[in-house]
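Letters A, B, ... are given to chains in the order of the sequence lines, protein chains preceding strands, and every chain is numbered from 1. The figures that follow rest on heavy atoms only: side chains count, while hydrogens, waters and symmetry mates do not.
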Protein chains: 2
Amino acid sequence: MAREPNPNFMAGVPELMILRLLQEREMYGYEIVQAIRAETGDVVSIGEGVAYTVLHALEREGALKSRRRRVEGRSRIYYALTQAGLKRYQNLAGTWLTLARAIQTVIKQDSFQTFIQTFIMGGHHAAV
Amino acid sequence: MAREPNPNFMAGVPELMILRLLQEREMYGYEIVQAIRAETGDVVSIGEGVAYTVLHALEREGALKSRRRRVEGRSRIYYALTQAGLKRYQNLAGTWLTLARAIQTVIKQDSFQTFIQTFIMGGHHAAV
DNA sequence: CGCTATACCTCTAAGTTAGAGGTAACATAT
DNA sequence: ATATGTTACCTCTAACTTAGAGGTATAGCG
């Protein structure tokens, strides 16, 4: 039960990513976790525990609805966006775009340091 | 003691913003809170409680050092980055740039919805 | 049969944040 | 002098998010 110092770089990102995916098509938990990694090139990687927690919370709040399906002999719980869920995604996405822009602007003001980060030190990974 | 549902859109943003400012010059808590609002055009607005909590934590961890100064008859506690603090800022900034870029890319894939958010619904504000 | 991958789930510890609350000094206006 | 407002510091709690460990069960393959 040794716990890392936990950087905890962000909040709401898992939810945002999940809503983003479900806005396109119905998906199941396990699939969502893999898809987020694939979509962001591993920049964002959420654990299964977080994924299911978020999915359950969103369903409880009416943003998602689920149905059990048997596909290729496997039992899966597919989640789909409700109208409320779509609205929630649009709000979250809007807020994040604004925030992401603001942060980039502010941080990039030290261009020397950005140069180093981007071209010399290379990429970064955020374990969500 | 009525509590809002707490959107809690992000984590680490207050720390990032504070380090960013102190990387330029020595500042005091109250000043930092105003500066963040000004710098981001109110997109990011951290409460005093959060600001002082973060400042104290960062000092405890050796990322900042403080000194009490009397300026214009007012007693202020000025915080400055240490070497460790600078390093910490550079790491955090790098991670956030990458994250912000990834999120923007992913979200902007639904361009219709982005169009609406950006040009029709207008800006968003995030209370951190 | 044992192994791996799929697929679901729960729990705890640690962390962040909002917001309410509080103190004190100074500045200006009444 | 007193009131009000601003500056400037601080603490506390409740709510929430997250990481990570742990657990179950089924399917497919060698």
Side-chain angles (χ1 to χ4, degrees), chain A residues 1-19 27-37 44-61 66-79 92 95-96 99 125-128, chain B residues 1-19 27-37 44-61 66-79 92 95-96 99 125-128:
Chain A
M1 223 162 289
R3 310 269 292 82
E4 281 291 286
N6 185 9
N8 210 349
F9 287 124
M10 58 210 96
V13 176
E15 181 185 328
L16 175 68
M17 293 310 212
I18 289 173
L19 290 173
M27 291 176 84
Y28 58 98
Y30 193 83
E31 184 187 16
I32 289 172
V33 172
Q34 326 291 325
I36 289 174
R37 284 181 195 137
V44 180
S45 173
I46 80 169
E48 282 185 41
V50 173
Y52 289 115
T53 303
V54 171
L55 284 171
H56 298 158
L58 285 174
E59 184 173 27
R60 204 186 321 117
E61 291 163 34
S66 67
R67 59 176 180 133
R68 185 153 227 130
R69 281 175 69 192
R70 208 150 236 299
V71 182
E72 294 156 27
R74 298 205 157 271
S75 178
R76 298 169 178 165
I77 300 173
Y78 281 83
Y79 291 89
L92 245 196
T95 305
W96 268 96
L99 181 64
H125 294 258
V128 186
Chain B
M1 222 158 292
R3 310 269 291 81
E4 282 289 287
N6 185 7
N8 210 350
F9 287 124
M10 58 211 96
V13 176
E15 181 184 328
L16 175 67
M17 293 309 212
I18 288 173
L19 290 172
M27 291 175 84
Y28 57 99
Y30 194 82
E31 183 187 15
I32 288 171
V33 172
Q34 327 291 324
I36 289 174
R37 283 182 197 139
V44 180
S45 173
I46 80 170
E48 282 185 40
V50 174
Y52 289 116
T53 302
V54 171
L55 284 171
H56 297 159
L58 286 174
E59 184 174 26
R60 204 185 321 117
E61 292 162 33
S66 67
R67 59 176 179 131
R68 187 153 225 131
R69 281 175 68 194
R70 211 151 233 296
V71 182
E72 294 156 29
R74 297 203 158 273
S75 178
R76 298 168 178 166
I77 299 173
Y78 280 82
Y79 291 89
L92 243 196
T95 306
W96 268 95
L99 181 65
H125 294 257
V128 186

| message | Strictly under 4.0 angstrom, non-hydrogen atoms only: write out the protein contact profile of nucleotides 6-11 of chain D, one letter per nucleotide from the 5' end, B, S or -. | response | BBBBBB
| Can you check the B:L58 CG to C:dG15 P distance for me, whole Å? | 14 Å
| Nucleotide C:dC8, atom C1' - distance to CE of A:M27 in whole Å | 16 Å
| message | What is the separation between atom CE on A:M17 and atom C1' on D:dT18, rounded to the nearest whole Å? | response | 15 Å
| request: Could you tell me the separation between the CZ atom of B:R60 and the C1' atom of C:dT16, rounded to a whole number of Å? | output: 13 Å
| request: State which residues pass ring-ring contact (aromatic ring centres under 6.0 Å, His included) with B:Y30; sequence neighbours excluded, sorted by chain then number. | output: none
| request: Whole angstrom is fine here: how far is it from CZ in A:R70 over to C1' in D:dT26? | output: 8 Å
| query | Rounded to whole angstroms, how far apart are CG on A:L92 and P on D:dT17? | reply | 11 Å
| Nearest-angstrom distance from the residue atom CD1 of A:I32 to P of C:dA7 | 12 Å
| remark: Rounded to whole Å, the CD1-C1' distance (B:I46 to C:dA20) equals 17 Å
| task | Output all residues satisfying salt bridge (Lys or Arg N to Asp or Glu O under 4.0 Å) with B:E31, sequence neighbours left out; order by chain, then residue number. | result | B:R25
| query | Can you tell if the side chain of B:V54 reaches within under 4.5 Å of the side chain of B:I46, non-hydrogen atoms only? | reply | no
| query | Under 30°, 30 to 60°, or over 60°: which ring-plane class applies to B:Y78 and B:Y28, parallel, tilted or perpendicular? | reply | perpendicular
| Nearest atoms (heavy-atom pairs only) where A:G29 meets A:L55 | CA-CD1, 3.8 Å
| query | So how far is it from A:Q34 CD to A:E48 CD, rounded to the nearest 0.5 Å? | reply | 7.5 Å
